[in-house]
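Just below is one structure, and these are the notes that go with it.
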Amino acid sequence: MVLVSETMLQQTQASRVAELLPPFLEMFPSIHTLASASNADVVLRWKGLGYNSRALRLRDAARAIVEHHGGVVPSTPHVLRSLPGVGPYTSAAIACFAYDVWTVVLDVNVRRVYSRWLRAQATTTDVAPEPELIALAERIIPRDAPSAWHHAVMDLGATICTARRPKCSACPLSELCPSSGTMHETVRLRRPEPIFRGEPRRLWRGRVVDVLRQAGASGMTLSALSTTVLGSDATDDEHQWLQDLYGVLERDGLVSRKGRRITLAH
DNA sequence: AATCCGGGGTA
DNA sequence: TACCCAGGATT
């Protein structure tokens, strides 16, 4: 359960996970049902969560757990780290929240809270170096309540000590925090995302996957898919662009071709 | 180190 | 409506 919810929480706000986690768990009530799910099964049930390849890695992790760990989610960060899609954050989070193992959990919220606590930060985007964050964490995480501690810090980071406009005046730690009221907001620049027909490529990717979700197991031909997504008046160049996009999705294991028919991958 | 990966929430 | 968002994998 924590394996699934932490994977979801990597990418989605907690309120949305609360909404989408129950139906997913209903479909895959055990690690074994998840492990035996096809790509299509898991991507179908991942709808609304985004980042479809993470759904595949989650299933791969379930398979590794069934095959190598007796069907029991490992409790040590080091072992968890070896699972597909489980990195530094998720491995620590599962050990901490599922087993109450004492470990340093660092996500963007925790990093931000610790950074502001360590010293007065000049801007809202400043973050202390990793070694300092770890050193602080090792000093202040209670030995007997790591799970409750991290829940509290994450909650503080999500509601009070926020990224852009921290509510220092409402913070219970403002009297003791060196960064309270000292930070000015900074704008961070992003590199523009690729655009097709005036819309982001990821949006078109989502449309292709969604059309194939609707198509079900019988799938559809590439030309039908292309016309459905692009409309009947699409140019040859646009059809070619979508075909290239299909190639990427196939490489990612999200879709597959059986003869002339395309489906969500099995 | 830089880039890719979705779709909903918020200013 | 424009912008903001997090962690893992890949290159």
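Both backbone and side-chain heavy atoms feed into the values below; hydrogens, waters and symmetry mates do not. First the proteins, then the strands, lettered A, B, ... as listed; each starts at 1.
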_Using atom C1' in both nucleotides, what's the gap between C:dT10 and B:dG7 to the nearest angstrom?_
22 Å
_A:Ala215: partners by side-chain contact (heavy atoms from CB on, under 4.5 Å), with sequence neighbours left out_ = A:Met220
_Test side-chain hydrogen bond (donor to acceptor under 3.5 Å, both in side chains) on A:Thr90 and A:Gln10; report intermediate values, then the result._
CA-CA 8 Å; A:Thr90 309; A:Gln10 287 176 16; 2.4 Å; yes
Strictly under 3.5 Å: I want the nitrogen or oxygen pairs between protein and nucleotides 8-11 of chain C, one per line.
residue	atom	partner	partner atom	Å
C:dG8	OP1	A:Gly87	N	3.0
C:dG8	OP1	A:Gly87	O	3.4
C:dG8	OP1	A:Tyr89	N	3.3
C:dG8	OP1	A:Thr90	N	2.8
C:dG8	OP1	A:Thr90	OG1	2.8
C:dG8	OP2	A:Tyr89	N	3.3
C:dA9	OP1	A:Gly85	N	2.7

*With a 4.5 Å limit on heavy-atom distance, are the side chains of A:Arg260 and A:Leu222 in contact?*
no
*Pick the nucleotide of DNA chain B nearest each of A:Asp252 and A:Glu19; which residue has the one closer to the 5' end?*
A:Asp252
*asked:* Just checking A:Glu175: does its CD atom have more than 12 heavy atoms from other residues, nucleotides or ligands closer to it than 6.0 angstrom?
replied: no
*Taking the nucleotide of DNA chain B with the closest heavy atom to each, which residue, A:Arg16 or A:Pro194, is nearer the 5' end?*
A:Pro194
*First and last nucleotide of DNA chain B touching chain A, 5' to 3', heavy-atom cut-off 4.0 Å?*
B:dT3 to B:dA11
*Which of residues 205-216 of chain A sit near DNA chain B, with a heavy atom under 4.0 Å from it?*
A:Arg205, A:Gly206, A:Arg213
*Just checking A:Arg201: base, sugar-phosphate only, or nothing, at a heavy-atom cut-off of under 4.0 Å?*
sugar-phosphate
*asked:* Tell me every residue that passes side-chain contact (heavy atoms from CB on, under 4.5 Å) with A:Ser38, counting only those two or more places apart in sequence or in another chain.
replied: A:Ala40, A:Asp41, A:His266
*Heavy atoms under 4.0 Å, any strand shown: does A:Glu193 hit a base, just sugar-phosphate, or nothing?*
nothing
*Go through the side-chain N and O atoms of A:Asp244 and A:Gln240 and say whether any donor and acceptor fall under 3.5 Å apart.*
yes
*Nearest-angstrom distance from the residue atom CG of A:Leu203 to C1' of C:dA2*: 15 Å
*Tell me, please, whether A:Trp204 has A:Arg201 positioned over its six-membered ring: NZ or CZ under 6.0 Å from the ring centre and within 45 degrees of its axis?*
no
*Evaluate the criterion ring-ring contact (aromatic ring centres under 6.0 Å, His included) for residue pair A:Trp46 and A:Phe24; output intermediate values, then yes/no.*
CA-CA 7 Å; A:Trp46 199 251; A:Phe24 190 88; 5.4 Å; yes
_Span that lies between the P atom of C:dG8 and that of B:dG8, in whole angstrom_ = 23 Å
*Using the P atoms only, state how far B:dG6 lies from C:dT11, rounded to an integer number of Å.*
15 Å
*Would you name the heavy atoms of A:Leu133 and A:Ala128 that are closest together and state the gap between them?*
CD1-O, 3.6 Å
*Of A:Arg190 and A:Arg111, whose closest DNA chain C nucleotide lies nearer the 5' terminus?*
A:Arg190
*Side chains of A:His184 and A:Thr123: donor-acceptor distance under 3.5 Å anywhere?*
no
*Taking side-chain contact (heavy atoms from CB on, under 4.5 Å) as the test, write out the residues that go with A:Thr182, two or more places apart.*
A:Ala120, A:Ser179
*Touch check for A:Asn52, heavy atoms < 4.0 angstrom, all strands: base, sugar-phosphate only, or nothing?*
sugar-phosphate
